[in-house]
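Below you'll find the structure, written out as structure tokens, and then a few comments.
Order of listing sets the numbers, starting from 1, for every ligand and every atom in it. Basis for what follows: all heavy atoms, side chains included, without hydrogens, waters or symmetry-related copies.
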Amino acid sequence: MQNSVMKAWWDSSHMAGGNAAYIEELYEAYLEDPQSIPENWKSIFDELPSIEGVAVETNHTSIREEFKKMASLGPAARVGSAGIAPSDAPSDERQVKVLQLINAYRFRGHQHANLDPLGLWQQPRVRDLELSHHNLTESDFETMFNLGSYAVDAEKMKLGDLFKSLNRTYCGSIGSEYMHITDTEQKRWLQQRIESVEARPVIERDEKIKILKGLIAADGMEKYLGSKFTGAKRFSLEGGDALIPMLKGLISEAGAKGAKEVVLGMAHRGRLNVLVNVLGKNPSVLFDEFAGKHDDTLGAGDVKYHAGFSSDFATPGGNVHLALAFNPSHLEIVNPVVMGSVRARLMRRKCKDGSAVLPITIHGDSAIAGQGVVQETFNMSQTRGFSVGGTVRIVINNQVGFTTSKTEDTRSTQYCTDIAKMVQAPIFHVNADDPEAVLFVTKLALDYRNLFKKDVVIDLVCYRRHGHNEADEPNATQPLMYQKIKKHPVPREIYANQLMAEGSIEKHEVERLMSEYRSALDHGACVVEEWRPMTEHSVDWSPYLGHDWDVKYDASLSNDELVSLGRALTTIPESHRLQSRVKKLYADRVSMIEGERLLDWGMAENLAYAAILKEGTHIRLTGQDSGRGTFFHRHAVLHGQDAGEEYMPLRHIADEQGNIEIYDSVLSEEAVMAFEYGYATAEPATMTIWEAQFGDFANGAQVVFDQFLSSGEAKWGRLCGLTVLLPHGYEGQGPEHSSARLERFLQLCADHNWQVCVPSTPAQVYNMLRRQSVRPMRRPLIVMSPKSLLRHPLAVSSLDELASGVFHNVIDELDELETKNIKRVVMCSGKVYYDLLDQRRKNEQTDVAIIRIEQLYPFPSEEMAKVVEKYQHVKDWVWCQEEPQNQGAWYCSQHHFWQSVPDDAKLSYAGRLASASPAVGYVSVHNQQQKALVEDALTIK
Ligand code: AMP
């Protein structure tokens with residue numbers, strides 16, 4: 001590539017960016033036509049070293065070195081090195097300066113753009129944009145200059161015309177930031193699109209009328225709500241009205257370019273407006289919500305400005321399905337949810353390049369700069385497991401974050417969008433009072449996303465006509481801004497005046513459009529012309545509706561079927577040389593499947609996935625280290641030791657099988673969990689699993705557990721079958737890796753919102769995963785998964801136990817003890833069972849029975865009652881746990897234990913004392929504590 005030389009040099013240059021860019025320009029022009037550049041620069045490039053047989057542009061290192069040398073010598077030496085003094089060639093020097101001026105506008109024009117509708121922004125003086133900075137003056141205005149790569153329809157231009165053109169292109173209503181992109185193709189493409197029309201294409205009258213209608217709708221809707229429900233919170237869009245024609249234009253264009261679905265995520269500002277004016281929600285339904293009426297089908301419900309909605313939308317390319325995601329008050333968290341939902345839809349449509357489904361996320365200016373989950377989503381955006389072909393991100397930049405408007409209080413960057421530069425996304429700042437400019441950047445952003453499969457940001461610079469909500473008094477905190485806003489005409493008025501002035505519309509037509517919109521609202525019927533009833537969504541949830549966790553299902557398989565799955569799992573191509581420990585592990589798996597030894601955890605878990613895939617169900621498993629397993633137990637992704645290539649035995653189970661994706665995730669919990677929530681709520685037919693590296697890291701995703709996973713069905717009626725694997729167990733590893741904080745999950749349990757399981761055997765993990773897939777209920781499954789049990793000699797299972805297909809919510813005592821001799825029953829969950837069993841056997845005790853509760857929620861009362869029946873004579877019952885008393889299941893599940901034990905029995909606690917820290921740091925203290933709690937549980941007083 002021609003640009004690679006300059007790019008390499010650029011990456012290592014000590015010179016200022018502006019200089020580098022203009023040399024890059026020159027060099028490119030030189031490569032295309034050596035005669036097209038000034039003679040002094042031509043001589044410099046002619047002198048660059050060349051290697052015989054290698055085109056000069058591929059000789060990166062030597063050219064880079066040459067430029068580095070020149071950079072370190074300084075400008076005088078650079079010119080001198082070619083033997084050309086400025087005085088020798090004054091006109092050439094000016095040509096260079098002109099190219100430099102063009103680059104200055106490309107780099108920094110946005111800093112002088114007219115972006116703030118209120119005109120309050122105090123823009124810094126940018127000397128690079130002044131002629132004098134480049135040793136040019138107005139007296140040069142009549143001189144013709146080469147334009148380099150400036151993408152207007154001319155090769156030369158008078159400086160005066162060029163200067164005007166640059167100002168129109170880069171300092172009008174659009175501030176384009178893209179020169180941070182290192183890929184020259186992308187930069188050139190953007191320059192072509194922006195410069196060729198001076199950032200303002202010709203817009204047909206029809207389109208102008210559509211824009212006006214959008215603004216009338218945006219304004220009309222808020223005014224209507226404001227007069228009917230005065231003072232009620234609606235988080236008005238007013239000031240950012242351009243969002244409505246912008247979104248409609250974006251969806252329409254996306255449909256025309258082949259998108260079949262659009263998934264939107266947005267916070268509360270403007271949401272009601274988008275619901276009614278873009279998604280076509282019936283205004284009468286919204287008015288009922290304002291009046292306090294509610295839909296009983298959605299359980300506890302949520303406030304109206306968090307509501308999601310689905311519909312279809314007619315576009316020139318056919319109908320497009322729209323889904324607005326439900327959103328909690330935690331503004332930016334919806335972004336990864338949208339991305340996950342889009343990824344699921346893309347997979348369903350077998351679309352690998354992202355073209356079939358478009359994600360649009362709408363951000364607030366304070367939130368996009370303030371909340372870390374935004375960075376996480378940018379980081380995920382180009383990764384294998386999480387990419388969605390780019391997201392169009394729109395910032396409703398009303399320049400106020402609740403009450404905070406001073407940028408020194410809200411961020412440390414010039415723009416709220418600077419975070420997007422981490423993935424070199426182009427950023428278009430645009431004045432929201434110029435809706436034609438808004439539409440221009442919107443189409444540009446969409447085309448960029450579709451072509452380069454990358455995120456792109458539109459910063460819609462607007463204002464907020466009212467306070468944070470309509471009951472708020474903004475003058476208390478932003479007096480100057482609100483004095484200005486009060487006098488500022490609404491966007492509809494500004495644009496209508498513009499169209500009337502240019503003769504595109506008559507006043508009476510504007511008035512007619514306004515009154516038509518108002519009477520449509522009066523009738524309460526859908527106000528979106530493009531609205532269509534939903535037919536384009538690609539999934540049917542009805543098989544999963546109305547089932548509870550105890551619905552009957554059959555997950556049994558014959559032993560032969562399991563053996564054949566096991567053989568497929570352990571057949572690795574000879575050419576794929578395994579690492580020696582992994583090889584041994586796979587050899588062990590062969591002997592397990594051939595009946596020579598019992599199955600361990602890793603084999604049982606892999607068999608569960610194989611069985612699920614064989615049935616045609618897809619699987620998606622992500623998390624930190626989940627291909628291998630944090631504790632070296634899973635090895636579902638095998639890395640060849642010769643070429644490092646990956647082989648996944650689970651992809652070779654049968655000719656016809658479900659797809660499986662396993663990805664080691666980016667190092668995040670919050671965005672990744674939210675992504676998987678989004679995936680699972682959009683795709684019931686895929687077994688979706690997220691695994692924490694250690695269970696306690698899950699609290700990095702606390703918002704996702706609280707706002708979505710535990711309560712999404714109750715608030716929004718959205719089912720979600722996500723499985724969450726959280727390694728948990730007290731093994732002396734200290735406060736950070738012992739506890740997955742079981743108590744937190746139990747505390748959030750109600751209304752059968754999710755299941756909390758602690759499987760203790762390989763057969764149990766197999767059957768728990770099978771149940772989650774086969775049973776037609778879709779609710780989250782929270783699993784305390786093991787660490788040391790992965791290799792515990794007693795934690796093994798037979799093929800028969802797997803084949804039964806039954807997950808036991810309660811496991812009764814398995815040793816052959818005489819029931820009548822039992823004097824105490826110990827109830828427990830998880831790994832401590834093996835410590836109790838081991839010690840009781842050592843003690844040769846026959847008077848203590850141990851019952852395992854493998855599903856703590858929903859509490860299996862009936863199965864428990866059946867088990868407890870035979871111990872009715874026992875009056876001494878104990879709950880034993882490894883966790884400190886204020887943690888684990890003791891406080892949150894005690895009422896279930898009490899209900900289970902015989903009426904006149906006593907129930908006591910054997911476990912660690914309450915503690916602020918989840919575990920002690922010293923192994924010796926841990927061991928003492930563990931010994932004591934086991935003894936306590938087994939000792940009948
Ligand atoms: P969407 O494709 O997200 O617009 O969803 C289309 C329709 O499917 C919605 O209107 C719901 O009726 C239904 N639906 C979508 N997601 C879920 C879910 N997670 N749980 C239950 N129903 C859903």
Using heavy atoms and a strict 4.0 Å limit, residues surrounding ligand 1 turn out to be Ser310, His321, Ala323, Arg345, Met534, His537, Trp541, Thr681, Gly717, Arg718, Leu719
Can you say whether the rings of Tyr305 and His268 are parallel (under 30°), tilted (30 to 60°) or perpendicular (over 60°)? perpendicular
- Task: Would you sort out whether Tyr679 and Trp690 count as a ring-ring contact (aromatic ring centres under 6.0 Å, His included), showing the intermediate values?
- Result: CA-CA 11 Å; Tyr679 197 104; Trp690 178 72; over 10 Å; no
- Donor-acceptor under 3.5 Å (Gln657 side chain, Leu650 main chain): yes
Do Glu261 and Arg349 meet the salt-bridge criterion of a basic N to acidic O distance under 4.0 Å? yes
### Query
Are any side-chain N or O atoms of Thr315 and backbone N or O atoms of Gly317, one a donor and one an acceptor, separated by less than 3.5 Å?
yes
Looking at Tyr609, is Arg634 sitting on its ring face, NZ or CZ under 6.0 Å from the six-membered ring centre and within 45 degrees of the normal? no
